[in-house]
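Quick notes on the structure that follows.
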Amino acid sequence: MNTAYYSNYINKILAEVKKAVIGKDTVIIKVLLAILCKGHVLIEDIPGVGKTTLALAFSKALSLEHNRMQFTPDVLPTDVTGFTIYNKTSNKFEFRPGVAFCNLFLADEINRTSSKTQSALLELMEEKSITVDGVTYKLPEPFTVLATQNPIGSAGTHNLPDSQLDRFMIKLSMGYPTAQDEISILKSKYSANPLDSVASVANANIILELQEAVANVYVDDKINEYIVALANATRNHPMIKLGVSPRGTLALMNISKGIAVAMGRDYVIPDDVAFICRDVFEHRIILNSKAKLSDKSTGDIINEIVKSVPAPVISAGRR
């Protein structure tokens with residue numbers, strides 16, 4: 001594997017996205033990692049912190065076809081998936097694709113829509129396909145859902161089902177910028193839109209090549225045992241009601257492989273796993289009343305678990 005070649009491409013993509021999204025380097029890196037690992041991203045945050053700009057910057061830097069949908073209570077499942085309609089001329093029913101037929105689907109404020117519409121996303125996120133009237137249509141490759149949601153409890157929001165949350169590889173929060181970063185944002189808006197400065201440095205074929213490179217990263221048995229030990233710690237923790245599912249352990253392994261490629265390696269080390277563990281696990285865990293009484297957050301508990309589970313010692317490279 002030409003690790004230097006892949007790492008260089010990843011750095012080029014990151015450099016372009018950073019032109020439009022200021023001061024959120026860690027978030028940018030994690031979103032790209034999810035894309036390279038064929039995963040989906042959920043960003044929970046208040047409006048106006050740059051979630052949409054982030055998605056648009058990625059679509060431009062990667063030359064990916066993107067669609068955006070503002071999820072509201074009146075959005076129908078067929079708006080997402082598409083529908084069949086009778087054509088009088090051809091005397092046949094024809095399929096009209098929904099907005100999800102693209103490479104990068106920005107599902108904005110996903111928790112404002114109905115459960116029925118949210119459920120329309122389950123098949124396309126898991127199977128990368130959509131079934132309408134008994135016919136299955138494959139989505140274009142690569143395909144990633146970048147969804148945003150308002151903080152739970154905001155006006156007009158609904159909790160996402162656990163089954164849907166579990167299909168997001170990672171959950172992130174952009175947060176407010178620092179004072180200096182916010183000044184830089186103001187300056188960048190003086191004369192032009194920062195998105196106009198984002199150049200295309202990749203395309204769908206290159207992303208598929210990078211995804212293949214990630215799939216071929218070596219994972220030592222000790223790393224697999226470490227990942228399972230972290231997941232089991234969430235299932236047996238006295239303050240956790242619902243621990244991480246096997247889908248969560250798979251997600252942690254896959255995105256750890258993406259980190260390895262970004263760092264120029266063809267093998268995973270324990271630090272890769274620890275770096276991204278919280279983002280993979282946090283939305284998959286439900287705390288019990290004991291945790292709420294102790295005033296501990298899900299993130300606090302995951303951090304404690306990562307510190308308490310011994311990391312294995314891995315020798316460099318394949319053996």
Side-chain angles (χ1 to χ4, degrees), residues 26-27 29-31 33-34 36-45 110-111 118 121-122 125-126 145 147 149 151-153 158-175 214 217 219-260 267-314:
T26 303
V27 173
I29 291 168
K30 290 175 179 178
V31 171
L33 288 172
L36 298 184
C37 299
K38 303 182 181 181
H40 309 293
V41 183
L42 178 63
I43 302 178
E44 180 180 292
D45 226 319
I110 191 175
N111 60 338
Q118 289 172 4
L121 292 166
L122 293 179
M125 291 175 69
E126 184 70 19
V145 175
Q149 71 171 4
I152 302 300
H158 310 269
N159 289 341
L160 295 182
D162 294 337
S163 58
Q164 187 168 351
L165 284 172
D166 203 28
R167 281 168 171 78
F168 286 101
M169 178 171 275
I170 54 174
K171 178 185 173 186
L172 304 171
S173 176
M174 296 187 71
V214 170
V217 168
V219 182
D220 192 276
D221 284 345
K222 292 180 181 178
I223 294 292
N224 288 327
E225 292 168 3
Y226 180 47
I227 291 171
V228 171
L230 289 168
N232 279 331
T234 69
R235 298 163 189 164
N236 299 312
H237 198 281
M239 294 187 182
I240 295 178
K241 179 180 178 182
L242 179 67
V244 172
S245 69
R247 186 185 282 119
T249 59
L250 283 169
L252 183 55
M253 181 193 70
N254 287 331
I255 201 164
S256 297
K257 291 163 71 174
I259 295 171
Y267 58 94
V268 176
I269 62 175
D271 285 349
D272 299 332
V273 178
F275 170 74
I276 203 70
C277 183
R278 176 171 174 172
D279 303 300
V280 176
F281 280 5
E282 191 166 14
H283 60 291
R284 293 180 161 92
I285 288 174
I286 297 177
L287 302 182
N288 58 27
S289 56
K290 188 183 294 185
K292 295 173 184 176
L293 290 172
S294 67
D295 201 28
K296 284 193 175 183
S297 68
T298 308
D300 294 334
I301 294 174
I302 294 172
N303 289 339
E304 290 175 2
I305 287 173
V306 172
K307 290 178 181 177
S308 65
V309 175
V313 177
I314 304 295

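Each residue takes its place number in the sequence, starting with 1. Excluded from the calculations below are hydrogen atoms, water molecules and symmetry mates; all remaining heavy atoms, backbone and side chain alike, are included.
- Looking at K171 and E282, no side-chain N of the basic residue comes within less than 4.0 Å of a carboxylate O on the acidic one, giving no salt bridge.
- Rounding to the nearest 0.5 angstrom, the gap separating the CD atom in Q118 from the CG atom in N111 is 7.0 Å.
- Side chain of N303 to main chain of G299: a donor-acceptor pair is present (N/O by atom type, distance under 3.5 Å, no hydrogens or angles).
- To the nearest 0.5 angstrom, L252 atom CG is 11.5 Å from I170 atom CD1.
- Judged as a salt bridge (charged side-chain N to carboxylate O under 4.0 Å, His left out), the pairs with a partner in residues 297-307 (not counting sequence neighbours) are, in order, K296-E304.
- Annotation for G258 and V214: closest pair N-CG1, 3.7 Å, computed over non-hydrogen atoms.
- Taking each heavy atom of A233 and V309 in turn, the nearest pair found is CB-CG2, 4.2 Å.
- Counting non-hydrogen atoms of neighbouring residues, nucleotides and ligands closer than 6.0 angstrom, the CG atom of N236 exceeds 12 such neighbours.
- Within the 3.5 Å criterion, the main-chain N or O of I259 finds no donor-acceptor partner in the side chain of D272.
- Taken to the nearest 0.5 Å, the CD atom of E225 stands 8.0 Å off from the CG atom of D220.
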Practice problem: Test side chain to side chain contact (heavy atoms under 4.5 Å, CB included) on M169 and K38 and set out the steps. | Solution: CA-CA 9 Å; M169 178 171 275; K38 303 182 181 181; over 6 Å; no

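- The line from CZ of R284 to CG of L165 is 9.0 Å long, rounded to the nearest 0.5 Å.
- Taking all atoms of both residues into account, the shortest heavy-atom contact from A260 to V217 is CB-CG1, 4.1 Å.
- Formation of a donor-acceptor pair under 3.5 Å by the N224 side chain with backbone atoms of I227 is not found in this model.
- With contacts defined as side-chain heavy-atom distances shorter than 4.5 Å, the pair I223/S256 does not qualify.
- When all heavy atoms of L230 and C277 are compared, the closest pair comes out as CD1-SG, 4.2 Å.
- Within the 4.5 Å cutoff, side-chain heavy atoms of N288 are placed close to those of M239.
- Atom CG in D45 sits 8.0 Å away from atom CD1 in I43 (nearest 0.5 Å).
- Taking every heavy atom of both residues into account, Y226 and P312 meet most closely at CG-CD, 3.5 Å.
- Checked against I240 for a side chain to side chain contact (heavy atoms under 4.5 Å, CB included), the options T298, I302, I305, I286 give a single hit: I305.
- With sequence neighbours excluded, the residues that form a side chain to side chain contact (heavy atoms under 4.5 Å, CB included) with A147 are L42, A107, I110, V145, F168.
- With rounding to the nearest 0.5 Å, the separation of CG in D279 from NZ in K30 is 3.5 Å.
- The two residues R167 and M125 make their nearest non-hydrogen contact at O-CE, 3.8 Å.
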